[in-house]
Amino acid sequence: MNENTFEKLEYFRLIEHLKTFTSSNLGKNLIDKLQPSPYLKVVTKRLDETKEAKDLLSAVGGVPIQGVGNIDFLIEQVEKGIVLECKDLLHVGEFLRGCRKIKEFMISKEDYTPTLSQYSQSITTLKNVEDDITQAISKGRVDTNASKELKKIRRYIEVEQAKIEEKLEKFLKANKSYLQNSFITKRHDRYTIPVKASYKNQVDGTVIDESGKGSTVFIEPKIIQKHTTTLANLKIEESMEEYKILAELTDYIYNSIQEIKINIEVIAEYDLIFAKGKYAISIDGIKPKVNSRGYTHIIKGKHPLLTGNVVPFDLTIGKDYRNLIITGPNAGGKTIVLKAMGLLTLSTQLGLFLPAQNGTEISIYEKIFVDIGDNQSIENALSTFSSHIQNLSSIIKQTNKSTLLLFDEIGSGTEPNEGASLAIAILEEVYKKGAITIASTHYGEIKNFSLMHPDFENAGMKFNPDTLEPLYQLEIGNSSDSNALFISKKMGVPAHVLARAENYISTKKYNYDIVEQSKIRIDVASETSNFSYVQYSKGDKVLLTETNKEAIIYAPADENRNITIFIDGQMAQVYEKRVKLLIEASKLYPPDYDLDSLFIDFKTRKLEHDIERGSKKALKKIQKEMKASNLE
């Protein structure tokens, strides 16, 4: 499948919606990697998994997969030799507990979900690692009982802290007059008492810090410095012992890393499958039958992304005909049907249930191509039509017998006769390649082609003639008009205009009657003249509007409205609307003026004049030309 297909069918909206049913990032990440499969066995297996998941969820209401988060990044750290912190080890422990719970649950439901329960056999229960983490870490820190050495160190720490507090209490009572406040505080991890700045030299100890205004200094009394040094050393020993315990726990994880990786894959797969099950329940979806021979039979299907009061549609293709031409009014639902067909097919190939009725059967494909919407490209300076043709050209080259093609308004965007003819030629070409094609159109020529072709079928979108509202119902076997004339009548267009339009549609014979107008010449100098029809005369001076060059009329318009002009010493014919009158001949030349002389160049006129006066040079030139002509 190509990116354009996914974009036009809003495939990624469906993917994002499916992700909302997952319980962890494991499932979300796997959905991002999921691709529609063109293989019948894979699709059948996916649908079977979804059915088991839906049935299980409907029966028990849920599965114990919540809270099993993604630990990929932690496993990567372990592989790099990084020792995990307490919170990270707890995360791994929770994951292992979740794996154990889901395995126990799935085994207990083996009779109802034989396929899904079988996956749980790949889960390795690491109860010993799980228990070691739980026992060694509590309340976000290494537990005192994690090792005998840690327990001994922390007991010594408690002793030293008690000695410090006892001596400080005595010091506070003995030096009460020097103190700003009678309490013990910690500054830079040292035990201190707040002393008035003016008495700091009266207290035996080390200044550790002072207040912002400088009125108070925080002094560590000398009598506890021995104990604080001992306490600091014990804290270092505690950190070293904690690190040793964390390293051992991390090593346990490293030794089981392959089993944990497999567990991650299985849990991700479970999360994805149960997300499909939840989605199926949310849309009251059905499991479609599947095939790979191009046969699709949709019963009361709906677009997967539409909500509310959606009108279902029936569609069959691939049995009696392999090409469907959909017609109908604008905004009548043709595009929605095309998109729904594409998205329902992609959903099936993902293993999703469909918003349709039982009996629905979907064909799967190796390739799905669409040409839907405005593809105008400003960057490549392509018009909408050019961009459509570029897309269609690419599609034709890639089409094979396992291809679904969805064309919206094929051939539109250019002159109707050419567009319809091109569309028919394209439909013929992809038909020869064995593709299944559904195309919408307004062109009657395409409808007629489909009507005559034995492997094509017409379908129409129904329209309510009383309310001018589309019914969004697809009716196969009957083409539908665009209802342009009917809508025009409702909107007040005169009856005789509509009658003429109907006549043109049926006969293609158009009325070329010209209203008689007085033969008034237009004076281009007059800006108030409203006449546009001009009868040109020989000798009129005109302007060619396309080249902005001046010319002289030689002959007025013929039956095809072409005028003969004299320009750049040559005769030429142009359509009368491409010239503009500058000055009439009657205003340029006297009544008895020989207008034919206007169309003879200067050299010819000079030669005639020389002959009239008996020029020997002129006579010799004529004789020479005649001799040369005879030789030829």
Side-chain angles (χ1 to χ4, degrees), residues 9 11 14 17-18 21 34 36-61 109 111-116 272-322 324 326 333 336-365 368 404 406 436 438 457 459 461-462 471-477:
L9 296 180
Y11 169 83
L14 177 66
H17 182 55
L18 180 61
F21 295 96
L34 188 64
S37 175
Y39 304 110
L40 192 60
K41 286 185 178 180
V42 174
V43 173
T44 301
K45 180 171 175 287
R46 287 177 173 180
L47 290 170
D48 288 342
E49 292 170 349
T50 303
K51 183 181 185 305
E52 286 191 10
K54 180 189 176 186
D55 292 345
L56 182 59
L57 290 167
S58 299
V60 303
K109 301 295 184 290
D111 293 339
Y112 306 100
T113 57
T115 302
L116 297 186
L272 166 61
I273 294 170
F274 284 116
K276 291 180 182 179
K278 294 172 190 175
Y279 170 75
I281 293 172
S282 73
I283 64 169
D284 193 21
I286 58 96
K287 177 187 176 184
K289 300 176 184 177
V290 289
N291 67 80
S292 58
R293 63 182 185 276
Y295 174 67
T296 289
H297 179 57
I298 298 174
I299 305 174
K300 303 301 178 187
K302 297 179 181 179
H303 191 292
L305 295 176
L306 294 182
T307 57
N309 188 23
V310 180
V311 179
F313 68 95
D314 297 331
L315 188 152
T316 301
I317 193 170
K319 184 178 181 182
D320 298 326
Y321 49 89
R322 296 178 63 82
L324 188 65
I326 303 177
I336 291 297
V337 169
L338 290 174
K339 289 186 174 181
M341 174 66 179
L343 205 52
L344 289 173
T345 303
L346 289 175
S347 296
T348 301
Q349 295 185 211
L350 289 173
L352 299 180
F353 276 24
L354 307 182
Q357 287 189 3
N358 285 318
T360 293
E361 185 167 354
I362 302 290
S363 175
I364 63 173
Y365 300 91
I368 299 177
L404 172 65
L406 303 170
I436 295 291
I438 303 178
E457 181 62 274
M461 303 303 300
K462 289 185 178 180
L471 298 175
Y472 305 109
Q473 295 176 359
L474 180 69
E475 186 176 23
I476 294 180

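Sequential numbering from 1 along the given sequence is applied to the chain's residues.
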Problem set entry | Value rounded to 0.5 Å, distance of CG in Leu354 from CD in Glu361 | 12.0 Å

Problem set entry | Derivation of the side-chain contact (heavy atoms from CB on, under 4.5 Å) call for Lys109 and Val60 | CA-CA 10 Å; Lys109 301 295 184 290; Val60 303; 3.9 Å; yes

For this session: Could you check Thr316 against Tyr321 for side-chain contact (heavy atoms from CB on, under 4.5 Å), going step by step and ending with a plain yes or no?
Result: CA-CA 9 Å; Thr316 301; Tyr321 49 89; 4.1 Å; yes

Problem set entry | Residue pair Tyr279 / Phe353: nearest heavy atoms and the distance that separates them | CE2-O, 3.8 Å

Exercise. How long is the gap from CZ on Arg293 to CD1 on Ile436, to the nearest 0.5 Å?
Worked result: 10.5 Å

For this session: For Leu324 and Met341, run side-chain contact (heavy atoms from CB on, under 4.5 Å): C-alpha distance rounded to whole Å, both residues' side-chain angles, the deciding distance at 0.1 Å, then the answer.
Result: CA-CA 12 Å; Leu324 188 65; Met341 174 66 179; over 6 Å; no

Seminar exercise, completed: Distance col, row Ile364:CD1 vs Ser37:OG, nearest 0.5 angstrom, shows 6.0 Å

Exercise. Considering all heavy atoms of both residues, which atom of Pro355 and which atom of Pro304 are nearest to each other, and what is their separation?
Worked result: CG-CA, 4.1 Å

Seminar exercise, completed: CD1 of Ile281 to CG of Leu57, rounded to nearest 0.5 Å, is 5.0 Å

Problem set entry | side-chain contact (heavy atoms from CB on, under 4.5 Å), paired with Leu344, selected from Leu315, Ile298, Thr360 | Ile298

Problem set entry | Matching residue for Thr115 among Lys51, Lys45, Glu52 - test: side-chain contact (heavy atoms from CB on, under 4.5 Å) | Glu52

Exercise. Does some side-chain heavy atom of Val290 sit less than 4.5 Å from a side-chain heavy atom of Arg46?
Worked result: no

For this session: Could you tell me whether a side-chain N or O of Gln349 sits under 3.5 Å from a main-chain N or O of Tyr365, the two making a donor and an acceptor?
Result: yes

For this session: Please check if atom NZ in Lys54 has more than 12 non-hydrogen atoms from other residues, nucleotides or ligands closer than 6.0 Å.
Result: yes

Problem set entry | Side chains of Glu457 and Asp320 in contact at under 4.5 Å (non-hydrogen atoms) | no

For this session: Look only at the side chain of Thr296 and the backbone of Ser363, and say whether a donor-acceptor pair between them is shorter than 3.5 Å.
Result: yes

For this session: Over all heavy atoms of both residues, which pair between Pro36 and Leu350 is shortest? Give the atoms and the distance, please.
Result: N-CD2, 3.7 Å

Problem set entry | Plane angle bin for His297 and Tyr295 - parallel if under 30°, tilted between 30 and 60°, otherwise perpendicular | parallel

Exercise. Looking only at heavy atoms, which two atoms of Ala53 and Phe274 are closest? And how far apart?
Worked result: CB-CD2, 3.8 Å

Problem set entry | Heavy-atom closest contact (Asp314 atom, Ile476 atom, distance) | O-CD1, 4.2 Å

For this session: Check whether any side-chain heavy atom of Lys289 lies under 4.5 Å from a side-chain heavy atom of Ile362, and answer yes or no.
Result: no

For this session: Find the distance between CG (Leu346) and CG (Leu9) and round it off to the nearest 0.5 Å.
Result: 6.0 Å

Exercise. Nearest 0.5 Å, what's the CD1-CD distance between Ile286 and Gln357?
Worked result: 9.0 Å

Seminar exercise, completed: Exactly one candidate in Thr50, Asn358, Thr348, Asp48 meets side chain to side chain donor-acceptor pair (under 3.5 Å) with Lys287; the answer is Asp48

Exercise. Where the side chain of Tyr11 meets the backbone of Ser347, is there a donor-acceptor pair that is under 3.5 Å apart?
Worked result: no

Problem set entry | Step-by-step side-chain contact (heavy atoms from CB on, under 4.5 Å) determination, Tyr112 to Asp55 | CA-CA 8 Å; Tyr112 306 100; Asp55 292 345; over 6 Å; no

